[in-house]
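The block underneath contains the structure these notes are about, expressed in structure tokens.
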Number of protein chains: 2
Amino acid sequence: MPRPAKKPRKSYHHGDLRNALLTAAREVLEERGPSFLGLREISRRVGVSAPSAYHHFPSRDAIALGLAEQGAAELATCLAAAPANPSGSLLTYGEAYIAFVRANPALYRLMFGEGFPAVSQHSAAIRALRERSYDIMKAGLEQRLPASELPIAGLFLWALVHGLGLLLVDRQIVRDGDLEDIIRRVLTLAGTGLLHGRGRDDGQSGPPPPPPGTRSA
Amino acid sequence: MPRPAKKPRKSYHHGDLRNALLTAAREVLEERGPSFLGLREISRRVGVSAPSAYHHFPSRDAIALGLAEQGAAELATCLAAAPANPSGSLLTYGEAYIAFVRANPALYRLMFGEGFPAVSQHSAAIRALRERSYDIMKAGLEQRLPASELPIAGLFLWALVHGLGLLLVDRQIVRDGDLEDIIRRVLTLAGTGLLHGRGRDDGQSGPPPPPPGTRSA
DNA sequence: GTCAAATCTTTACAGTGTTAGGATTATGCG
DNA sequence: CGCATAATCCTAACACTGTAAAGATTTGAC
């Protein structure tokens with residue numbers, strides 16, 4: 001049973017230091033921002049000396065990498081749990097994505113920021129999780145777009161929610177109206193683009209969308 | 001006349017240290033990335049002792065802020081110089097924006113990253129320059145959209161190029177095709193959305209999905 | 001020429017990530 | 001059980017960082 005952490009432990013060994021470090025790191029992250037994520041600050045919160053962390057992580061960056069992997073996994077979970085409304089799947093996925101970013105602003109910045117080299121180099125685990133998120137969103141488009149348009153449409157959607165999420169996190173959007181409504185309208189605008197923009201290079205005129213779930217290339 | 005910088009100067013006084021520091025800082029930035037932008041490293045390149053910088057900048061963050069202001073000004077200039085092709089203004093503005101990001105990747109990350117508190121707080125100068133860039137892009141939309149749609153359309157466009165630029169800088173887009181073409185197709189897709197999305201038809205407003213609070217599942 | 005202001009210097013301090021080596025506890029084998 | 005050994009945590013120390021304080025050198029005004 002993992003020790004409750006943060007309380008003064010009685011045993012010399014902690015018992016679950018690795019997870020305790022990650023938990024404390026996440027607290028520091030959301031409380032004070034990615035640039036204050038210091039190894040000594042983290043260890044201090046856990047009540048342990050700084051070098052102890054090196055028995056569980058090879059470097060400070062590795063702790064940040066651990067957080068980034070957590071974040072990537074949670075993002076994929078959020079997207080997978082989004083209600084797959086067939087008529088407005090783009091809207092629901094987009095809103096789920098934005099909701100995650102707004103619920104974990106500092107974590108999202110860490111995931112896509114430059115502050116931690118280990119994170120920027122995209123570990124294999126992160127790459128896999130990111131691909132999973134991307135595939136989930138793309139699957140939502142698959143029912144309504146010809147396969148030839150999927151790569152561009154997926155990239156379009158990803159870039160939009162990525163940029164919109166970061167603008168929100170950075171408080172760049174100062175409009176005083178209802179933020180939820182603004183987000184919904186931007187995503188709706190994107191949806192009409194996807195719906196009306198299909199006539200590019202698919203010569204067929206009334207193409208039934210290919211329903212069978214062949215994973216995209 | 002500014003001293004050539006980087007060569008061992010003979011006079012005790014440098015003469016144009018402030019600009020020399022900014023120039024060296026920009027070199028460090030693009031060579032090694034924002035997280036390696038150290039005050040001592042910068043001073044070393046100029047051939048001057050570290051505390052000298054404090055006569056020209058109140059802190060290390062202030063140097064980064066100076067770079068961010070430079071970047072904001074250059075971005076606005078790039079957008080203003082974009083050929084105002086009336087039929088595809090969105091494409092040209094979007095491409096100009098992306099071109100700037102790709103030409104100054106580290107600078108763009110510094111401008112919108114979290115590594116430097118002074119930068120994240122958006123100085124008045126940066127706010128003004130950013131607004132100018134935004135207005136330039138919005139002006140490109142003005143000729144083709146009703147005024148009521150402008151705020152959302154502008155935000156949509158900004159979020160898209162912001163996200164797309166950051167994805168490019170982060171090397172998240174690994175598709176092996178022609179990158180220029182991919183960018184063009186994404187922007188074109190966005191353009192069709194703007195053109196066809198003016199009559200807002202959001203009849204379906206489903207139940208808002210529960211925001212995933214996701215604190216330590 | 002002289003004095004003051006501006007500029008650059010060395011020195012020093014508190015903080016960081018990290019390494020080395022010693023203390024303490026848990027574990028597996030006889 | 002008893003004991004060797006491995007795992008874990010500790011303190012001490014190093015090189016580095018941003019920044020403050022105070023001394024040296026140059027510029028410019030009177």
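Chain naming here is simple, since letters A, B, ... match the order of the sequence lines and numbering starts at 1 in each.
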Is it true that [X] and [Y] have a side-chain N and a carboxylate O under 4.0 angstrom from each other?
| X | Y | value |
| --- | --- | --- |
| Glu41(B) | Arg45(B) | yes |
| Glu31(A) | Arg26(A) | no |
| Glu180(A) | Arg102(A) | yes |

Between [options], which nucleotide gets closest to the side-chain atoms of [X]?
| X | options | answer |
| --- | --- | --- |
| Leu39(A) | dC10(D), dG17(C), dC8(C) | dG17(C) |
| His55(A) | dT9(C), dT19(D), dT8(D) | dT8(D) |
| Tyr54(A) | dT9(C), dG17(C), dT16(C) | dG17(C) |

Only one of Leu168(A), Thr188(A), Ile173(A), Asp178(A) clears side-chain contact (heavy atoms from CB on, under 4.5 Å) with Ile183(A); which?
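Per the side-chain contact (heavy atoms from CB on, under 4.5 Å) rule, the option paired with Ile183(A) is Leu168(A), out of Leu168(A), Thr188(A), Ile173(A), Asp178(A).
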
Rounded to the nearest angstrom, tell me the gap between atom [atom1] in [X] and atom [atom2] in [N].
| X | N | atom1 | atom2 | value |
| --- | --- | --- | --- | --- |
| Arg44(B) | dA15(D) | CZ | P | 15 Å |
| Ile42(A) | dT16(C) | CD1 | C1' | 13 Å |
| Leu21(A) | dT8(D) | CG | P | 12 Å |
| Phe57(B) | dT7(C) | CZ | P | 13 Å |

Strictly below 4.0 Å, heavy-atom distances to any atom of DNA chain D: list the hits from residues 59-69 of chain B, or just say none.
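The answer is Ser59(B), Arg60(B).
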
Any Ser49(A) side-chain nitrogen or oxygen under 4.0 Å from OP1 or OP2 of dT11(D):
yes

Does a nitrogen or oxygen in the side chain of Ser52(A) sit under 4.0 Å from OP1 or OP2 of dC10(D)?
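It does, given that an N or O in the side chain of Ser52(A) lies less than 4.0 Å from OP1 or OP2 of dC10(D).
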
Between His56(B) and Leu37(A), name the one whose nearest nucleotide on DNA chain C is closer to the 5' end.
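On the 5' side of the pair lies His56(B).
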
Would you say the base of dG15(C) and the side-chain of Arg40(A) have a donor-acceptor pair closer than 3.5 Å?
no

Which heavy-atom pair separates Leu189(B) from Ala153(A) by the least distance, and what is that distance?
CD2-CA, 3.9 Å

Using the test ring-ring contact (aromatic ring centres under 6.0 Å, His included), find all partners of Phe57(A) that sit at least two apart in sequence or belong to another chain.
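Partners of Phe57(A) by the ring-ring contact (aromatic ring centres under 6.0 Å, His included) criterion come out as none, since no residue qualifies.
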
Result block: side-chain N/O donor-acceptor pairs under 3.5 angstrom for residues 108-119 of chain B, not counting sequence neighbours:
| unit_1 | atom_1 | unit_2 | atom_2 | d |
| --- | --- | --- | --- | --- |
| Tyr108(B) | OH | Tyr97(B) | OH | 2.7 |
| Tyr108(B) | OH | His162(B) | ND1 | 2.6 |
| Arg109(B) | NH1 | Asp170(B) | OD1 | 2.5 |
| Arg109(B) | NH2 | Phe112(A) | O | 2.8 |
| Arg109(B) | NH2 | Gly113(A) | O | 3.3 |
| Arg109(B) | NH2 | Asp170(B) | OD1 | 3.2 |

